[in-house]
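Computed from heavy atoms alone, side chains included, the values below leave out hydrogens, waters and symmetry copies.
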Amino acid sequence: MADDRVLKVRGERELAVRAAHLLADPRTEFACAARDLNTWSWPQVRDGVAQQMRDRMLAGVVVRKLYTSAALADEQQRRHLQELERYGAQVRISAAELPHELIVADWRAMVLAGPMVGGDREFTVTTSPSLLDGMRTFFEATWQMAVPLADYLRQDLPHLDAEGRRVLRALADGLTDQAAARQIGVSVRTYRRRVAELMRSLASASRFQAGVRAGELGLVGGRRPPTPDQLGRAQ
């Protein structure tokens with residue numbers, strides 16, 4: 001690919017065929033930024049990805065991974081990131097949404113993830129120095145503001161009594177307010193008051209955010225946080 005060439009591809013299969021060689025052998029740095037791991041690493045191949053990252057780091061390649069807190073709401077993704085960190089990768093969590101999802105090798109080749117179209121994601125592949133410089137500025141600024149994974153997970157946990165944990169589990173299970181109150185043994189009014197208290201203690205503006213935050217902090221065991229649709233049905 002010429003230095004100023006920009007290539008548009010659609011779907012992971014075409015991306016692998018036409019651009020994998022540009023990212024396959026980083027010599028100094030491999031970096032990515034994404035909302036969660038599903039943008040670049042699918043569950044069925046994550047073990048292989050972890051081994052590839054480990055091999056690269058053993059060869060002296062710096063690996064930097066930047067994600068939003070959404071990556072920590074899924075227990076499998078959280079474990080994968082912790083494993084990468086144990087191998088030596090630098091993993092940080094951004095409190096803000098990332099306007100660009102990208103993957104870069106040595107800042108000489110880059111893939112930008114685009115929207116889903118007809119079930120396939122579109123990607124832009126480039127070796128253009130001007131585009132790479134612009135994305136590097138974005139990445140470095142966001143990286144400096146993000147929190148290292150270990151520090152993020154060590155943040156003080158809110159104090160929860162047994163009833164509070166039962167309320168969180170009910171939220172994680174997507175129960176209606178009536179069903180949750182009945183299961184816990186309180187009135188619907190009391191249940192809703194406890195939900196509001198938990199939202200405040202978890203610094204969340206919605207039930208969905210509270211569920212995500214609880215998942216990040218490991219407050220709901222192995223359960224995944226509720227989806228917006230589940231919470232919509234619960235209210």
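- Residues R194 and G164 share a closest heavy-atom pair of NH2-CA, 3.6 Å.
- Cluster membership for F139 and L112, using ILVMFWY side-chain heavy atoms within less than 4.5 angstrom, is shared.
- Hydrophobic clustering (side-chain heavy atoms under 4.5 Å, transitive across Ile, Leu, Val, Met, Phe, Trp, Tyr) groups L66 together with F138.
- Of the candidates L23, L7, V9, V9 is the only one forming a side chain to side chain contact (heavy atoms under 4.5 Å, CB included) with L15.
- Side-chain contact between K8 and E122 is absent, with no heavy-atom pair separated by less than 4.5 Å.
- A 4.5 Å side-chain heavy-atom check between L72 and Y152 finds at least one atom pair inside the cut-off.
- Checking side-chain atoms of R92 against main-chain N and O of M145 turns up no donor-acceptor pair under 3.5 Å.
- When all heavy atoms are compared, the tightest approach of A96 to T68 is O-CG2, 3.7 Å.
- Taking each heavy atom of C32 and K65 in turn, the nearest pair found is SG-CD, 3.3 Å.
- In this structure E29 satisfies the salt bridge (charged side-chain N to carboxylate O under 4.0 Å, His left out) test together with R64, sequence neighbours excluded.
- The one candidate from H100, M135, R136 that meets the side chain to side chain contact (heavy atoms under 4.5 Å, CB included) condition with M110 is M135.
- A distance of 9.5 Å separates CD1 of I103 from CZ of F123, quoted to the nearest 0.5 Å.
- Pairing each heavy atom of G88 with each of M57, the nearest pair is C-SD, 3.2 Å.
- Between W143 and Q90, some side-chain heavy-atom pair lies under the 4.5 Å cut-off.
- Taking CZ of R189 as the reference point, atom CZ of R193 lies at 9.0 Å (rounded to 0.5 Å).
- Rounded to the nearest 0.5 angstrom, D36 CG and R78 CZ are separated by 13.5 Å.
- L37 and A71 get closest at one heavy-atom pair: CD1-CB, 4.0 Å.
- Atom CD of E12 is separated from atom CZ of R121 by 7.5 Å, given to the nearest 0.5 angstrom.
- Ionic pairing of E83 and R79 is not present here: no N-O contact between side-chain nitrogen and carboxylate oxygen is shorter than 4.0 angstrom.
- Side chain of T126 to backbone of V6: no donor-acceptor contact under 3.5 angstrom is found.
- The closest side-chain heavy-atom distance from I93 to L153 is not below 4.5 Å.
- If you take CG on L149 and CD on Q82, they are separated by 6.0 Å, rounding to the nearest 0.5 Å.
- A single hydrophobic cluster is not seen to contain both W107 and V62; linkage of ILVMFWY side chains at heavy-atom distances under 4.5 Å, directly or through other members, places them apart.
- Within 6.0 Å of CZ on R27 lie no more than 12 heavy atoms contributed by other residues, nucleotides or ligands.
- Using a cutoff of 4.0 Å between basic side-chain nitrogens and carboxylate oxygens, R18 and E14 are scored as salt-bridged.
- Rounded to the nearest 0.5 Å, atoms CD (Q183) and CZ (R169) are 8.5 Å apart.
- The nearest pair of heavy atoms linking T142 to S94 is CG2-OG, 4.0 Å.
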